[in-house]
Amino acid sequence: MSSLVRRFAQFSLTQRNLLQNSLKVLVPASNSIHTSDALNSKWNKANHGPRKWLEYNKTIHPPQKPDEEPRKAYICHLRTNIKYSPDKMWYIASFVRGMSVDEAVKQLSFVLKKGATHVKEVILEAQEMAVRQHNVEYKSNLWIAESFVGRGRYFRGMRRHARGRQGIVQYKHCHYFVRLEEGEPPKDYYLPAPQTPEQQFEKWIEQMRSRKVINSL
């Protein structure tokens, strides 16, 4: 090591400048190195994700009559290209569907999943947009009318196994969609209201009377 230092000290100033310039040519620029951030920014420029969902916010409805029920405000929002599996995100999207905004945010704070953070942030962003852009008076007077997931872009990679073998691994992305509506959430969102025994009997009688008997008079 000392011999190399002595030899480098013997170089003149011009020789040192030439050596430094040659090293700059040999060392590649940081932008030319293929990293994950560079690749993500490259394909994200061409892949903007779905756009039709946000067009519902620009819908112009006809004026209502005085005797009609006032139309409730709504807001559509989304987040695209989330680095998360759409199959896993489906459980979280179905979990908050039909809840009020405050209840959904409170419940998602205790869900120990990566996708719950994205869903919570999207709901809070939609709530803020409803107050600022859609004239919603009380931000707590909102409930989640629609909450679903779309499949994003998939990347295929190689996973090394023993004995020189390879396997295929998929890096999945998803899109999350949410629609907030003004008002109180319904009591029975998934299932209809329970019927009394008398109502069930009347429904069964109606089905029996409306049936068709084949090859009859």
Side-chain angles (χ1 to χ4, degrees), residues 49-80 82 84-108 110-111 113 115-116 118-120 122-123 126-127 129-130 134-154 170 172-217:
R51 298 181 178 180
K52 187 177 179 180
W53 184 249
L54 297 178
E55 294 297 324
Y56 290 110
N57 295 330
K58 304 177 183 178
T59 304
I60 300 176
H61 298 280
Q64 291 184 297
K65 297 180 181 180
D67 57 343
E68 289 183 356
E69 185 180 356
R71 187 183 295 110
K72 297 180 180 180
Y74 65 89
I75 175 67
C76 298
H77 194 44
L78 62 88
R79 176 171 291 185
T80 61
I82 301 174
Y84 199 63
S85 172
D87 300 330
K88 298 178 182 178
M89 184 70 83
W90 179 85
Y91 293 98
I92 306 171
S94 302
F95 172 68
V96 299
R97 195 180 300 146
M99 291 184 181
S100 63
V101 171
D102 295 339
E103 182 67 20
V105 171
K106 182 174 66 175
Q107 294 291 337
L108 289 173
F110 298 96
V111 177
K113 290 182 177 292
H118 294 281
V119 173
K120 180 180 176 181
V122 174
I123 292 174
Q127 185 185 30
M129 291 172 59
H134 295 266
N135 299 325
V136 175
E137 187 174 3
Y138 303 104
K139 66 178 183 179
S140 298
N141 190 25
L142 292 167
W143 67 284
I144 302 172
E146 292 185 54
S147 174
F148 58 94
V149 184
R151 173 175 169 173
R153 196 164 181 179
Y154 279 31
Q170 289 183 338
K172 303 179 181 181
H173 296 73
C174 66
H175 311 308
Y176 176 66
F177 305 83
V178 66
R179 182 172 71 89
L180 304 183
E181 190 172 325
E182 191 176 15
E184 295 293 330
K187 294 181 180 179
D188 302 295
Y189 181 81
Y190 285 101
L191 298 177
Q195 296 180 346
T196 61
E198 291 79 9
Q199 293 175 347
Q200 295 178 12
F201 179 72
E202 292 294 335
K203 182 179 180 182
W204 178 78
I205 290 295
E206 186 65 28
Q207 290 177 355
M208 292 296 103
R209 289 174 178 174
S210 62
R211 65 181 178 174
K212 181 180 179 181
V213 181
I214 302 175
N215 299 328
S216 66
L217 296 177

Say you draw a straight line from CG of Asp87 to CZ of Arg151; how long is it, rounded to the nearest 0.5 Å? 9.0 Å
Going from CD on Glu206 to CZ on Arg209, what distance comes out if it is rounded to the nearest 0.5 angstrom? 7.0 Å
With distance as the sole test, does Ser147 use its side chain to make a donor-acceptor pair with the main-chain N or O of Ala93 at under 3.5 Å? yes
Would you say that more than 12 heavy atoms from the other residues, nucleotides or ligands in this model lie under 6.0 Å from the CZ of Phe201, or not? no
Does Gln200 use its side chain to pair, donor to acceptor, with the backbone of Gln195 at less than 3.5 Å? yes
Any Tyr84 side-chain heavy atom under 4.5 Å of His118 side chain: no
Residue pairs meeting side-chain hydrogen bond (donor to acceptor under 3.5 Å, both in side chains), one or both in residues 52-78, sequence neighbours left out, come to His61-Tyr74, His77-Glu125
Does any pair with a residue in residues 180-198 pass salt bridge (charged side-chain N to carboxylate O under 4.0 Å, His left out), and if so which ones, sequence neighbours excluded? Arg179-Glu181
What closest approach, in Å, do Leu180 and Ala126 show between heavy atoms, and which atom pair accounts for it? CD1-CB, 3.6 Å
Mind checking side-chain contact (heavy atoms from CB on, under 4.5 Å) for Pro185 and listing every partner two or more places apart, or none if nothing turns up? Ser100, Trp143
Any side-chain heavy-atom pair of Leu142 and Gln127 under 4.5 Å: yes
Steps toward side chain to side chain contact (heavy atoms under 4.5 Å, CB included) verdict (Val149, Ile92): CA-CA 9 Å; Val149 184; Ile92 306 171; over 6 Å; no
Excluding sequence neighbours, so at least two apart, what forms side-chain contact (heavy atoms from CB on, under 4.5 Å) with Glu202? none
Does Met89 reach the side chain of Val119, with side-chain heavy atoms less than 4.5 Å apart? yes
Could you list the residues that satisfy side chain to side chain donor-acceptor pair (under 3.5 Å) with Ser210, not counting sequence neighbours? none
Applying side chain to side chain donor-acceptor pair (under 3.5 Å), name anything that partners Lys106, two or more places apart in sequence or on another chain. Glu103
Nearest heavy-atom contact between Ala73 and Val136 is CB-CG2, 4.1 Å
Locate the shortest heavy-atom distance separating Gly150 from Pro86; write the atom from each residue and the value. O-CB, 4.4 Å
Taking only residues two or more places apart in sequence or in another chain, which ones pass side chain to side chain donor-acceptor pair (under 3.5 Å) with Lys120? Ser109
Partner set under side-chain contact (heavy atoms from CB on, under 4.5 Å) for Tyr190, not counting sequence neighbours: Ser94, Arg97
Could you check whether atom OH of Tyr91 has more than 12 heavy atoms from other residues, nucleotides or ligands sitting under 6.0 Å from it? no
Could you tell me which residues satisfy side-chain contact (heavy atoms from CB on, under 4.5 Å) with Ala104, sequence neighbours excluded, listed by chain and number? Val96, Met99, Ile123, Ile144
Flag side-chain contact, heavy atom, 4.5 Å: Lys203 against Gln199: no
Of Leu78, Ile82, Thr80, the one forming a side-chain contact (heavy atoms from CB on, under 4.5 Å) with Tyr176 is Ile82
